[in-house]
Amino acid sequence: MSLQDKFGRQITDLRVSVTDRCNFRCVYCRSADPENYREHDEILSWKELERLAKVFCELGIRKVRLTGGEPLVRSGVDEFVKYLSGMGFADLSMTTNGHLLAERCERLIAAGLHRINISLDSLHREKFEKITRTKSFASVMNGIDAAQRSKLGPAKVNAVLVRGINDDEVEAFAEFARERGVIMRFIEFMPLDADRHWSREKVVAAAEVYERINARWPLVQIPHEKSETARKYRFADGAPGEIGLIAPVTQPFCGHCSRIRLTADGKLRTCLFSKDDHDLRAFLRDGASDEDLAAYIRSAVNEKEKSHHINEPGFVPPNRTMVFIGG
Ligand code: SAM
Ligand code: SF4
């Protein structure tokens with residue numbers, strides 16, 4: 001029987017963080033502080049990840065997205081993609097900052113990757129460098145080009161909008177979608193940043209993004225599956241490219257959530273904003289059988305939170321921030 005929670009939601013999507021390490025330090029995600037990574041032995045080995053992937057597959061997971069940290073900094077990720085591809089997941093994707101993508105794209109495709117999401121928070125080199133605290137603008141742009149030219153195209157390009165930092169670029173990003181034919185997705189800033197600088201005033205609501213783009217280039221909604229996080233639009237004038245709006249803060253989609261997450265250190269999280277996580281790694285390393293693991297996952301999923309509470313008084317952000325959970 002497939003995975004289901006006590007509210008009747010079918011759980012078919014798994015996000016796997018393969019590392020907590022990252023070569024960027026985006027201001028809305030990581031802190032500028034020195035590294036505070038987990039020790040290597042705290043992170044699931046590829047063998048452990050393969051074993052869990054098999055259990056999840058048998059439990060009815062159909063979509064797997066690899067994330068991090070930055071998934072491309074962990075060596076062996078191509079082989080893991082190949083392993084997952086061999087298991088026959090219907091959808092196999094990755095979220096990356098794009099820095100290493102140009103050189104890795106073809107190998108990922110050969111390994112069986114279906115789709116790619118690339119983060120890009122500014123179209124201006126200097127601002128990009130400030131946000132990511134890197135000098136990687138050109139390599140990320142090359143990564144987007146490489147993905148777009150490859151079988152992974154059309155690439156999804158993700159921008160997290162933060163008021164006062166990059167909200168002036170909404171129209172420029174839409175133009176980028178039209179010129180390059182990419183799927184440009186705007187993500188609302190969530191209270192998952194390491195520096196705890198999030199505030200409601202810094203969130204740029206998806207409704208505002210819609211209005212601004214629609215005023216310049218009228219948009220037509222594209223039907224979407226209920227469990228999809230993004231509202232999708234094409235340009236009415238027939239220009240290439242697509243717009244996606246992801247509004248976890250102003251229009252939560254918890255009622256249709258089909259996702260669970262596995263952190264790099266082997267914790268199962270049933271919501272981005274879960275207060276607690278479930279220690280699959282301890283269970284695995286204690287010698288649990290596949291059946292034990294499946295039963296444990298089932299019972300954790302059954303208790304999946306009804307919704308996050310960002311919009312309620314007294315909301316407390318989770319201890320783990322995005323870089324440790326895996327977006
Ligand atoms: N390093 C890869 C990347 O940046 O694409 C994958 C991991 S990153 C944690 C996954 C996604 O989470 C990215 O699209 C990133 O922009 C998003 N993200 C990180 N912190 C966020 C926050 N506080 N609010 C909203 N999205 C966030
Ligand atoms: Fe790294 Fe991605 Fe977080 Fe940026 S958003 S710091 S690239 S994990």
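As the structure lists them, so they are numbered: ligands from 1, and atoms in each ligand from 1. Only this structure's heavy atoms are used, side chains among them; waters, hydrogens and symmetry mates stay out.
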Study note, to complete from the structure: With a cut-off of 2.8 Å, strictly less than, protein N/O/S atoms near atom 1 (Fe) of ligand 2 add up to 1

Point to revise | Where at least one partner belongs to residues 87-113, residue pairs that pass salt bridge (charged side-chain N to carboxylate O under 4.0 Å, His left out), sequence neighbours excluded | key: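 Matches after skipping sequence neighbours: Asp78-Arg104, Asp78-Arg107, Asp91-Arg115.
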
**Study point:** Where at least one partner belongs to residues 127-150, residue pairs that pass salt bridge (charged side-chain N to carboxylate O under 4.0 Å, His left out), sequence neighbours excluded
**Key:**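 Non-adjacent pairs meeting salt bridge (charged side-chain N to carboxylate O under 4.0 Å, His left out): Lys127-Asp168, Lys127-Glu169, Glu129-Lys135, Arg133-Asp195, Asp145-Arg180.
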
Considering only protein heavy atoms, which is closest to [atom], and at what distance to one decimal place?
atom: atom 21 (C) of ligand 1; value: Tyr28 CD1, 3.6 Å
atom: atom 4 (O) of ligand 1; value: Ser119 OG, 3.3 Å
atom: atom 12 (O) of ligand 1; value: Met322 CE, 3.5 Å
atom: atom 2 (C) of ligand 1; value: Glu70 OE1, 3.4 Å
atom: atom 26 (N) of ligand 1; value: Val160 CG2, 3.5 Å
atom: atom 10 (C) of ligand 1; value: Gly327 CA, 3.7 Å
atom: atom 24 (N) of ligand 1; value: Met190 N, 2.9 Å

Check your understanding: Under the side chain to side chain donor-acceptor pair (under 3.5 Å) test, which residues partner Asp121, sequence neighbours left out?
Key -> Tyr28

Review point. Can you find a non-hydrogen atom of Gly69 under 4.0 Å from ligand 1?
Key: yes

Exercise for review: With heavy atoms of Gly68 as the reference, note each atom of ligand 1 found under 4.0 Å away.
Suggested key: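 Matching atoms, with element in brackets: 7 (C), 9 (C).
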
**Study point:** Ligand-side contact atoms (ligand 1) for residue partner Asn97, heavy atom cut-off under 4.0 Å
**Key:**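 Taking each heavy atom of Asn97 in turn, ligand 1 has 2 (C), 3 (C), 5 (O) under 4.0 Å.
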
Check your understanding: Do the charged groups of Glu70 and Arg21 touch, with an N to O distance under 4.0 Å?
Key ->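 So Glu70 does not pair with Arg21 through a salt bridge.
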
Check [X] against [Y] and note the closest heavy-atom contact, atom names and distance.
X: Leu92; Y: Val81; value: CD2-O, 3.7 Å
X: Asp265; Y: Leu44; value: C-CG, 4.3 Å
X: Ala159; Y: Met184; value: CB-CE, 3.7 Å
X: Ala247; Y: Ala206; value: CB-CB, 3.7 Å

Check your understanding: Should the ring pair Tyr210 and Tyr233 be called parallel, tilted or perpendicular, given that the plane angle runs from 0 to 90° and is split at 30 and 60?
Key -> tilted

Point to revise | Donor-acceptor under 3.5 Å (Trp198 side chain, Phe189 main chain) | key: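 Side chain of Trp198 to backbone of Phe189, a donor-acceptor pair under 3.5 Å: yes, one is there.
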
Review point. Do ligand 1 and Thr96 have nitrogen or oxygen atoms that lie under 3.5 Å from each other?
Key: yes

Practice item. Start with the C-alpha gap between Arg269 and Thr263, add the side-chain angles, then the distance that decides, and say whether side-chain hydrogen bond (donor to acceptor under 3.5 Å, both in side chains) holds. Key: CA-CA 7 Å; Arg269 289 182 72 85; Thr263 66; over 6 Å; no

